[in-house]
Asks: 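Okay, here's the structure, questions in a sec.
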Amino acid sequence: ERLKDLRDDYNLKQVEIAKILGVSQANYSRWETGKELIPLEKLNFLCNYFHVKMDYIIGISEERECLTEYLISNKTIGHNLKKFRLENNITQVELAEFLNTTHSTISAYESGKTTLLTAFALQIVYKYHISLDKLCGRSK
């Protein structure tokens, strides 16, 4: 919903945002309507473009403005995921079971070999009440 609100605030059409992101209008439309989840790297790009926080876009914060532009990486996300997991005394196996995936998938995320799926990131954020911006390295 907030993707549409931001687009409307900037008086842009879906096709224009899609072009900025390098995706089809149909693909962007599925993200905006919630039929599919936007990949973290595209979400980060939009956050930089609109100068907003990820937490604002996903609806867990009303704090909107973020003037710093961030590059996110699998390594940073993996490091932050592992740090979060260890601080909360959660094993890789327990996290894998919660996310309905495998221990090796969690290991690949934490090592930065694989991009964390947005669906998994959101499950972690909502269950454990942590910041998506923090998980992705967009804030301390």
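All values derive from a computational prediction rather than experimental measurement.
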Asks: Could you note down all residue pairs passing ring pair (Phe, Tyr, Trp, His ring centres under 6.0 Å) where residues 36-61 supplies at least one of them, sequence neighbours left out?
Replies: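 Applying ring pair (Phe, Tyr, Trp, His ring centres under 6.0 Å) to every pair that reaches into residues 36-61, excluding sequence neighbours, yields Tyr10-Phe50.
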Asks: Flag the pair Ser131 / Ser139 as yes when at least one side-chain heavy-atom distance between them is below 4.5 Å, and no otherwise.
Replies: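 Answer yes - side chains close enough.
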Asks: Measure the CH2-CD1 distance between Trp31 and Ile17 for me, rounded to the nearest 0.5 Å.
Replies: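 CD1 of Ile17 is found 11.0 Å from CH2 of Trp31.
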Asks: For Leu86, is the CG atom crowded, meaning more than 12 foreign heavy atoms sit under 6.0 Å from it?
Replies: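 Enclosed: over 12 neighbouring heavy atoms sit under 6.0 Å from CG of Leu86.
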Asks: Could you check whether atom CG of Asn100 has more than 12 heavy atoms from other residues, nucleotides or ligands sitting under 6.0 Å from it?
Replies: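 No - once you tally the heavy atoms of other residues, nucleotides and ligands closer than 6.0 Å, there are 12 at most.
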Asks: Sub-3.5 Å donor-acceptor pair from the side chain of Asp133 to the main-chain atoms of Arg138, do we have one?
Replies: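 It does not hold such a pair.
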Asks: Go through the steps to decide whether Asp9 and Arg64 satisfy the test salt bridge (charged side-chain N to carboxylate O under 4.0 Å, His left out), and finish with yes or no.
Replies: CA-CA 13 Å; Asp9 288 350; Arg64 179 176 168 154; 3.0 Å; yes
Asks: Measure the spacing between CG of Leu3 and CG of Asp8 and express it to the nearest 0.5 Å.
Replies: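 So the gap between those two atoms works out to 11.0 Å.
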Asks: Compile the donor-acceptor pairs under 3.5 Å between side chains in residues 113-120 and protein atoms, sequence neighbours left out, one pair per line.
Replies:
residue : atom : partner : partner atom : Å
Thr115  : OG1  : Asn74   : OD1          : 3.1
Thr115  : OG1  : Asn74   : ND2          : 3.1
Thr118  : OG1  : Ile38   : O            : 2.7
Thr118  : OG1  : Leu40   : N            : 3.1

Asks: Decide yes or no for Leu37 and Leu43: does some side-chain heavy atom of the first lie under 4.5 Å from some side-chain heavy atom of the second?
Replies: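 Side-chain contact under 4.5 Å: no.
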Asks: Establish whether Leu46 and Ile20 are linked, either directly or via other cluster members, by ILVMFWY side-chain heavy-atom contacts under 4.5 Å.
Replies: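 In one cluster: yes.
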Asks: Is Tyr70 linked to Val52 within one hydrophobic cluster, defined over Ile, Leu, Val, Met, Phe, Trp and Tyr using a side-chain heavy-atom separation of less than 4.5 Å?
Replies: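 No, no single cluster joins them.
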Asks: Among Gln92, Glu97, Glu94, which one satisfies side-chain hydrogen bond (donor to acceptor under 3.5 Å, both in side chains) with His103?
Replies: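 By the side-chain hydrogen bond (donor to acceptor under 3.5 Å, both in side chains) criterion, His103 pairs with just one of Gln92, Glu97, Glu94: Gln92.
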Asks: How long is the gap from CG on Leu135 to CG on Leu132, to the nearest 0.5 Å?
Replies: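 Going from the CG atom of Leu135 to the CG atom of Leu132 covers 6.0 Å.
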Asks: Find the distance between NZ (Lys4) and OG1 (Thr33) and round it off to the nearest 0.5 Å.
Replies: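 Separation between the atoms: 11.5 Å.
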Asks: Asp55: what forms a salt bridge (charged side-chain N to carboxylate O under 4.0 Å, His left out) with it, not counting sequence neighbours?
Replies: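 Salt bridge (charged side-chain N to carboxylate O under 4.0 Å, His left out) check on Asp55 returns nothing, list empty.
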Asks: For Phe84, what residues pass the ring-ring contact (aromatic ring centres under 6.0 Å, His included) criterion, not counting sequence neighbours?
Replies: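 For Phe84, the residues satisfying ring-ring contact (aromatic ring centres under 6.0 Å, His included) (neighbours in sequence not counted) are Tyr128.
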Asks: Do Ile57 and Tyr126 sit in the same hydrophobic cluster, where Ile, Leu, Val, Met, Phe, Trp and Tyr count as joined when their side-chain heavy atoms come under 4.5 Å apart?
Replies: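 Yes; Tyr126 is reachable from Ile57 via cluster members.
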Asks: Can you list everything that forms a salt bridge (charged side-chain N to carboxylate O under 4.0 Å, His left out) with Lys53? Sequence neighbours excluded, please.
Replies: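 With sequence neighbours excluded, Lys53 shows a salt bridge (charged side-chain N to carboxylate O under 4.0 Å, His left out) to Glu63, given in chain and number order.
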Asks: Which pairs with one or both residues in residues 18-28 pass side chain to side chain donor-acceptor pair (under 3.5 Å), sequence neighbours excluded?
Replies: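 Only Gln14-Gln25, Asn27-Arg30, Tyr28-Glu32 qualify under side chain to side chain donor-acceptor pair (under 3.5 Å).
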Asks: So how far is it from Ile124 CD1 to His129 NE2, rounded to the nearest 0.5 Å?
Replies: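 If we round to the nearest 0.5 Å, Ile124:CD1 and His129:NE2 are 13.5 Å apart.
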Asks: Heavy-atom distance under 4.5 Å between the side chains of Val93 and Ile106, does that happen here?
Replies: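 Val93 vs Ile106: side chains apart.
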Asks: Do any N or O atoms from the side chain of Thr76 and from the backbone of Ile72 form a donor-acceptor pair under 3.5 angstrom?
Replies: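 Judged by distance alone, no pair lies under 3.5 Å.
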Asks: Enter the distance from Asn44:CG to Leu71:CG here, rounded to the nearest 0.5 Å.
Replies: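 Rounded to the nearest 0.5 Å, the CG-CG separation comes out at 7.0 Å.
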